[in-house]
S.K.: 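Supplied in structure tokens, the structure appears directly below.
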Amino acid sequence: MRRQILGVLFSFSVCLNLAAVAQEKAGQPWWQHAVFYEIYPRSFADSNNDGLGDIKGITSKLDYLHWLGVDAIWLTPMFPSPQVDFGYDVSDYENVDPHYGTLADMDQLIAEGKKRGIRIILDFVVNHTSDQHPWFIESRSSKTNPKRDWYIWRDGKSAGQPPNNWTSLFGGPAWQLDPAANQWYYHYFYAAQPDLNWRNPEVETAMFDVARWWYRRGAAGFRLDAVTNLFEDPGLTDNPLVDHQINAYGDPVEQEIHNLELPELHGVLQRLRKVSDEYDGVLIGETWTDTLDQLKLYYGQHGNELQLPIDFRFFAVGKISAPEFRKQIADAESFEGQPVYVFSNHDEPRHYTKYGDGQHNDQIAKLLASLYLTLRGTPILYYGEEIGMENNDPKTKEDVQDPIGKLGWPKDKGRDGERTPMQWNTQPNAGFSQVKPWNPVDALYQQYNVEAERRDPDSILNYYRNLLFLRHTNPALLDGKYVALNQDDPNVLAYVRSYAGKHVLIVLNMSGSHQAIKLDLPSRGISAKSSKVLLASFKTPERGNINKIDLEPFGAYIAQLE
């Protein structure tokens, strides 16, 4: 009887290198099999003990990320910024904020990452800048300034009235009056984040030059922030309101049909893709969509836009449900584009908290990892999910730092809870810093931390590592097609990844009770008599009878069919 059954792990790095070579020989793009790992730099590792994470801190943890099995790091913004929205208000796209270090530190991170086969992806804030960016300072200086049209300036409807009824995501009107010119500028987000005018070709040229500048410096690609927001209706038509609905800020809820997902943005993405292809780069999109047809648009008709638009519909399932996840996977498998799966990020609650039931949280963490790390497509892990970090939300309004939480309290507590410091060990402040961190460490860090979990073979961390080893080295998990099984089962999600006559079986109990299932393999054209367990989150025989598989509550079972 074994808890976790897996091949020899001491050859982990060797196997990863061989897999990478095989991909290159096959002519596959590097990102197709890559595992991405999102880092919120303020909260990952503090090298100079000022309470804030920094670039040197990230560099110091590259060996850990290589050990885990990460291929690329996505860094949330580290550009100079007044930090009104913690870096998403950029005042200089071609430098590093002093809070995080220097350009030399970034160069070293890129170089050290390359030595370990880890690429660096930057968060490119394409929709807006800070109001302290030189472009905007020029723009607001006068109506005749050459950069006036780099942003969206309009007269009000009447004295003291904004141009239309659009509201900001952070509450209140999406327009800010500049008394000097008696005109309003548009800001979908915070007032200190004015939207760029992408209808002006000079803006496109300047932003594409930023992308080239970072590519030449060694960046491997970009995650495009708020990419669906690039264009607005030039006529500024009012958005229709949803009857009798008010949001957390007291604003009426809009149907944002005139300021989101306008068709012009696809031309920009096609042209940016050409720039990216010059450097073998990858573009990841923050693409919130409601339907599969909307999502497919971001790949481009000929695969000429984003390689990796994130499927937030998968993310938004919001509950442990075999039928719901089955439906989302079927959607993703219905076309040729590379699916992109996430369960947590810097803007949304951690999935340990979101999906946990208070009794089986660790099992559920392993279950969800088993789901999105065995599917065809690209997973994006969020730092700390591999050790079971939970949300640590502010207790009072006075504790809130996030502008969303300050404005929306108590209905919306903001995003501080999912941005707490990484838990490295049992030392004070979880080993993140020797001084009080900018954001409180979760109280459970004594139990859930890297150092303790590396020693525990049954930990969430070692489960993730073993799973990533499988993902990188098993041909069926690398390139196999998805075959759904037992599609009417309300409790158990089961499927096979098949490649060159080899089949890996994944069986996931999405219920809080024991389940026993018999697989309908023959009906799906798969011939097998038994299974050899590759990895399981519960005690199970190394070889199994596929006529009956017994699953513990929220148990995950991954096996090679024989």
Side-chain angles (χ1 to χ4, degrees), residues 36 38 40 74 76 169-170 188-189 223-229 242 245 247-248 253-257 260-261 284-299 306 308-335 337-357 361 364-365 367-385 389-391 393 402 404-405 408 411-415 417-419 482 484 490 493 495 508 510-511 554:
F36 290 75
E38 180 192 355
Y40 194 68
W74 152 30
T76 62
L169 187 69
F170 288 3
Y188 182 83
F189 297 96
R223 178 263 191 183
L224 304 179
D225 177 66
V227 69
T228 60
N229 296 58
V242 180
Q245 290 194 26
N247 64 21
V253 176
E254 302 172 51
Q255 298 178 37
E256 296 177 311
I257 61 176
L260 289 181
E261 294 196 282
I284 303 171
E286 186 188 19
T287 43
W288 290 92
T289 57
D290 295 323
T291 68
L292 177 63
D293 287 341
Q294 287 176 313
L295 180 67
K296 287 163 67 174
L297 291 175
Y298 288 96
Y299 291 92
L306 305 178
L308 301 176
I310 298 173
D311 187 353
F312 285 107
R313 299 170 315 117
F314 182 88
F315 173 95
V317 169
K319 60 182 178 179
I320 305 294
S321 167
E324 288 296 322
F325 281 121
R326 190 178 289 122
K327 177 180 180 298
Q328 295 301 333
I329 297 166
D331 266 5
E333 288 293 324
S334 67
F335 68 106
Q338 178 92 344
V340 185
Y341 297 120
V342 298
F343 270 122
S344 304
N345 68 20
H346 64 286
D347 284 332
E348 300 292 335
R350 289 186 172 276
H351 67 261
Y352 189 91
T353 298
K354 180 178 178 180
Y355 292 95
D357 66 353
N361 288 23
I364 290 171
L367 176 84
L368 295 177
S370 302
L371 171 60
Y372 88 123
L373 294 176
T374 60
L375 291 171
R376 180 184 71 87
T378 297
I380 304 178
L381 284 64
Y382 185 46
Y383 81 96
E385 75 170 68
M389 282 180 62
E390 63 177 3
N391 258 53
D393 294 323
D402 181 19
I404 288 182
K411 290 184 178 180
D412 190 335
K413 295 182 179 181
R415 301 162 294 181
E418 52 262 26
R419 299 174 174 183
Y482 170 86
L493 176 64
Y495 51 93
L508 306 172
M510 294 194 162
S511 77
F554 299 108

S.K.: Stepwise, does the side chain to side chain contact (heavy atoms under 4.5 Å, CB included) test hold for Arg223 with Ile380?
M.R.: CA-CA 11 Å; Arg223 178 263 191 183; Ile380 304 178; over 6 Å; no
S.K.: Are side-chain N/O atoms of Thr374 and Tyr495 paired as donor and acceptor at under 3.5 Å?
M.R.: yes
S.K.: For Gln255 and Val242, what are the C-alpha separation, side-chain angles and deciding distance, and is it a side chain to side chain contact (heavy atoms under 4.5 Å, CB included)?
M.R.: CA-CA 7 Å; Gln255 298 178 37; Val242 180; 3.9 Å; yes
S.K.: Where is the tightest heavy-atom contact between Glu286 and Thr228, given as atom of each residue plus distance?
M.R.: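 Scanning both residues completely, I find the closest heavy atoms to be O-CG2, 4.0 Å.
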S.K.: For the atom pair OG (Ser321) and NZ (Lys327), what is the distance rounded to the nearest 0.5 Å?
M.R.: 11.0 Å
S.K.: Are Glu348 and Val342 close enough that some pair of their side-chain heavy atoms sits under 4.5 Å apart?
M.R.: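 Heavy-atom side-chain distance check fails, nothing below 4.5 Å.
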S.K.: What are the two closest non-hydrogen atoms of Gly356 and Ile364, and how far apart are they?
M.R.: CA-CD1, 4.1 Å
S.K.: Atom CZ in Phe554, atom CD1 in Ile320: separation rounded to 0.5 Å?
M.R.: 6.0 Å
S.K.: What's the shortest heavy-atom distance between Pro490 and Pro323, and which atoms?
M.R.: O-CD, 3.6 Å
S.K.: Quick one: which of Val340, Leu224, Ile284 gives a side-chain contact (heavy atoms from CB on, under 4.5 Å) with Leu306?
M.R.: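 Of all the options given, the one that passes is Leu224.
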S.K.: Quick one: sort the His346 and Trp74 rings into parallel, tilted or perpendicular, breaks at 30° and 60°.
M.R.: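 Plane angle over 60°, so perpendicular.
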S.K.: Nearest 0.5 Å, what's the CD-CD distance between Gln294 and Glu261?
M.R.: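 These two atoms lie 5.0 Å from each other.
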S.K.: Can you say whether the rings of Trp288 and Phe312 are parallel (under 30°), tilted (30 to 60°) or perpendicular (over 60°)?
M.R.: parallel
S.K.: Using 0.5 Å steps for rounding, measure from the CG atom of Leu308 to the CD atom of Gln338.
M.R.: 6.0 Å
S.K.: Please round to the nearest 0.5 Å and tell me the distance separating atom CG of Leu260 and atom OG1 of Thr289.
M.R.: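 So the CG of Leu260 and the OG1 of Thr289 are separated by 12.0 Å.
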S.K.: Would you call the rings of Phe314 and Tyr341 parallel, tilted or perpendicular, taking 30° and 60° as the class edges?
M.R.: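 Tilted, since the angle between the ring planes falls between 30° and 60°.
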S.K.: Ignoring hydrogens, what is the shortest heavy-atom contact between Met389 and Tyr352? Give both atom names and the distance.
M.R.: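 Closest heavy-atom pair between Met389 and Tyr352: O-CB, 3.3 Å.
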S.K.: Between Glu256 and Tyr188, is any side-chain donor less than 3.5 angstrom from a side-chain acceptor?
M.R.: yes
S.K.: Determine, step by step, whether Leu375 and Glu333 satisfy the side chain to side chain contact (heavy atoms under 4.5 Å, CB included) criterion, reporting the C-alpha distance in whole Å, the side-chain angles of both residues, the deciding distance to 0.1 Å, and the verdict.
M.R.: CA-CA 10 Å; Leu375 291 171; Glu333 288 293 324; 5.8 Å; no
S.K.: Is the side chain of Asp311 donor-acceptor paired with the backbone N or O of Pro339 at a distance under 3.5 Å, no angle test?
M.R.: no
S.K.: Looking at every non-hydrogen atom in both residues, tell me the closest pair between Tyr382 and Ser344 and how far apart they are.
M.R.: CB-O, 3.6 Å
S.K.: Less than 6.0 angstrom separating the ring centers of Phe335 and Tyr299, yes or no?
M.R.: yes
S.K.: Run the side chain to side chain contact (heavy atoms under 4.5 Å, CB included) check on Tyr372 and Leu381 step by step: do they pass?
M.R.: CA-CA 10 Å; Tyr372 88 123; Leu381 284 64; 3.6 Å; yes
S.K.: Taking the side chain from Thr287 and the backbone from Ile310, do they hold a donor-acceptor pair closer than 3.5 Å?
M.R.: yes
S.K.: What residue among Arg419, Glu418, His351 forms side chain to side chain donor-acceptor pair (under 3.5 Å) with Asn391?
M.R.: Glu418
S.K.: Would you call Glu385 and Arg350 a salt bridge, taking side-chain N to carboxylate O under 4.0 Å as the test?
M.R.: no
S.K.: With rounding to the nearest 0.5 Å, note down the distance linking CD1 in Ile329 to CG in Leu493.
M.R.: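 If we round to the nearest 0.5 Å, Ile329:CD1 and Leu493:CG are 5.0 Å apart.
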S.K.: Looking at Leu508 and Ser370, what are the two nearest heavy atoms and their distance?
M.R.: CD2-CB, 3.7 Å
